[in-house]
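Numbers restart at 1 for each chain; the letters A, B, ... are given by sequence-line order, proteins then strands. All figures in this text were calculated on a predicted structure; none of them were measured in a lab.
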2 protein chains.
Amino acid sequence: MGKATRENSSPAPFAAEKLRTAGLRPTRQRMELAAHLFCGDDRHVTAESLHDEVARAGIKVSLATVYNTLHQFTAAGLLRQVVVDAVRGYFDTNTGDHQHFFLEDEGTLIDIPGEAIQVAGVPAAPAGMAVDRVDVVVRVKRT
Amino acid sequence: MGKATRENSSPAPFAAEKLRTAGLRPTRQRMELAAHLFCGDDRHVTAESLHDEVARAGIKVSLATVYNTLHQFTAAGLLRQVVVDAVRGYFDTNTGDHQHFFLEDEGTLIDIPGEAIQVAGVPAAPAGMAVDRVDVVVRVKRT
DNA sequence: TATCTTCTTTAGAATTATTCTAAAAAATGT
DNA sequence: ACATTTTTTAGAATAATTCTAAAGAAGATA
Ligand SMILES: [Mn+2]
Ligand SMILES: [Mn+2]
Ligand SMILES: [Zn+2]
Ligand SMILES: [Zn+2]
């Protein structure tokens, strides 16, 4: 019999699949980070928040590896980066067309479906330039 | 009739006026930074770029004072901050309603008039939150 | 003017998010 | 197993920004 690895029952095959498709070796660290990122609803994390989260789950991954992994997942198209705050960088598991509310008091992001928002009247890009993307950030504060 | 404007009045009295109105003492450093920021067309600067610029003009101001001054000007409503890049913060002399092109290759900002762009379909803010502002960043790259 | 008080400036240290280095560890192919 | 390649990681390094605290400048008062 193969060794029964009870710890990695449900999320494992799913995460391993994602990693292999992305051309990344399914290491323990990547599997665990992928499980936290992709086995649930879409979410927004910072390197620090994800590192804290896996640490609280008793998983030992260095912060450098969290940074490396977030960037590799981004390069593989599994994540996108969101720039809303000067002091911390966010990564988003929702890579589809959508925009964000940013709760300035909490530092929280909330998705706005891409179909909901329309941006009209964007002038032609400057000469020699092409539009890469249009980001909308709706900054909200506690009333 | 010859009404004094920002472009044709001499920098010093204009800058001193702005500072006094903002409740800030017109020190040499503030006057010089204000002259560079406000006596010409609207512009986008980083602390470093403004510090380099005044240094090249032979003016001696510490980087700490540039940061202090940019924040004081922002608090006084003379500048606004623009978050487009994770590695550097931008300050904008145009405090009116407008949006931006961000040239990712160069790190340059270009204004888009507020009347030009319309954002429709923004959902209601989350409970207990009010919209502070809606920022649109059109990220462009060299073709 | 001289004096008093309140800001302001500044050098340098500290902070913080992130990246880099380079050596050990793990994964994969044969 | 062995060889090759990739990955992880501790700790050092980087870079934007902020902080500290002491010296300097500005405004008020007489
Ligand atoms: Mn972070
Ligand atoms: Mn920054
Ligand atoms: Zn999102
Ligand atoms: Zn602008």
Side-chain angles (χ1 to χ4, degrees), chain A residues 2-3 5 7-8 12 15-36 44-55 59-76 78-79 81-91 107 109, chain B residues 12 15-36 44-55 59-76 78-79 81-91 107:
Chain A
K3 290 184 162 190
T5 56
E7 316 91 57
N8 47 15
E17 179 62 29
K18 269 215 156 183
L19 293 175
R20 287 226 171 72
T21 306
L24 296 169
R25 291 183 182 176
T27 63
R28 175 181 62 78
Q29 292 85 343
R30 283 175 182 155
M31 294 282 280
E32 285 164 342
L33 291 171
H36 277 260
H44 306 97
V45 300
T46 65
E48 194 82 29
S49 79
L50 181 60
H51 183 250
D52 289 356
E53 177 180 320
V54 298
I59 295 162
K60 189 200 91 191
V61 181
S62 75
L63 184 56
T65 295
V66 175
Y67 274 105
N68 288 341
T69 303
L70 288 172
H71 285 129
Q72 291 156 353
F73 285 7
T74 301
L78 302 176
L79 293 176
Q81 283 186 268
V82 183
V83 179
V84 282
D85 187 329
V87 314
R88 33 181 100 241
Y90 291 81
F91 291 83
L109 285 165
Chain B
E17 178 64 27
K18 268 214 157 182
L19 294 175
R20 288 223 174 75
T21 306
L24 296 169
R25 290 183 181 176
T27 64
R28 174 180 64 77
Q29 290 87 341
R30 284 176 180 154
M31 295 281 281
E32 285 164 341
L33 292 171
H36 277 260
H44 306 96
V45 301
T46 66
E48 194 82 29
S49 78
L50 181 59
H51 183 251
D52 289 356
E53 177 180 320
V54 299
I59 294 162
K60 190 200 88 192
V61 181
S62 76
L63 185 56
T65 295
V66 174
Y67 274 104
N68 288 342
T69 303
L70 288 172
H71 286 128
Q72 290 155 355
F73 285 5
T74 300
L78 302 176
L79 293 176
Q81 282 186 269
V82 183
V83 178
V84 282
D85 187 329
V87 315
R88 39 179 98 244
Y90 291 82
F91 290 83

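Contact annotation for H71(A): backbone-only contact, meaning every heavy-atom pair under 4.0 Å involves sugar-phosphate atoms and none involves a base. Among the atoms of the strands shown, base atoms are found under 4.0 Å from some heavy atom of T65(A).
With the nearest nucleotide of DNA chain C identified for both T69(B) and Y90(A), T69(B) has the one nearer the 5' end.
In the region residues 19-26 of chain A, proximity to DNA chain C at under 4.0 angstrom, judged on heavy atoms, holds for R25(A), P26(A).
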Decide yes or no on side-chain contact (heavy atoms from CB on, under 4.5 Å) for L24(B) and F73(B), but give the supporting numbers first.
CA-CA 9 Å; L24(B) 296 169; F73(B) 285 5; 3.9 Å; yes
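Note: CD (Q72(B)) to P (dT18(D)) measures 12 Å, nearest angstrom. Rounded to a whole Å, the CZ atom of R30(A) is 8 Å from the C1' atom of dT6(D). Rounding to whole angstrom units, CZ of residue R88(A) and P of dT16(C) are separated by 10 Å. As rounded to whole Å, 9 Å separates atom C1' of dT10(C) from atom CD of Q29(B). Remark: C1' of dT7(D) and CG of L33(A) are 13 Å apart, rounded to the nearest angstrom. The nearest whole Å value for the distance from the CG atom in N68(B) to the C1' atom in dT18(D) is 9 Å. When the P atom of dA25(D) is taken as reference, atom CZ of R28(B) falls 9 Å away, rounded to whole Å. One interatomic measurement links the two molecules: CZ of F91(B) to P of dT17(D), which rounds to 7 Å at whole-angstrom precision.
Residue pairs meeting the salt bridge (Lys or Arg N to Asp or Glu O under 4.0 Å) criterion with at least one member in residues 23-33 of chain B, sequence neighbours excluded: R28(B)-E32(B).
Taking both residues in full, the closest heavy atoms of L70(B) and A47(B) are given as CD1-CA, 3.7 Å, listed atom of the first, atom of the second, then distance. Looking at every heavy atom in both residues, A22(B) comes nearest to A76(B) through CB-CB, 3.7 Å.
Nearest to the side chain of K60(B), among dT9(C), dT19(C), dT10(C), sits dT10(C).
Proximity of Q72(A) to N68(A): side-chain heavy atoms (C-beta onward) are separated by under 4.5 Å at one or more points. Looking at F91(A) and T74(A), their side chains come closer than 4.5 Å, going by heavy atoms from C-beta outward. Two residues are said to be in side-chain contact when any heavy atoms from C-beta on lie closer than 4.5 Å; V54(B) and K60(B) fail this criterion.
Within the 4.0 Å cut-off from OP1 or OP2 of dT9(C), at least one side-chain nitrogen or oxygen of T27(B) is found. Distances shorter than 4.0 Å separate none of the side-chain N or O atoms of Y67(A) from OP1 or OP2 on dT19(C).
Once rounded to the nearest 0.5 Å, the distance linking CG of L33(A) with CD1 of I59(A) reads 7.5 Å.
The rotation axes computed at either terminus of the helix from dT1(C)-dA30(D) to dT30(C)-dA1(D) lie 30° apart, taking five pairs at each end and rounding to 10 degrees.
Of the possible donor and acceptor atoms, none in the side chain of T65(B) sits under 3.5 Å from a partner among the backbone N and O of V61(B).
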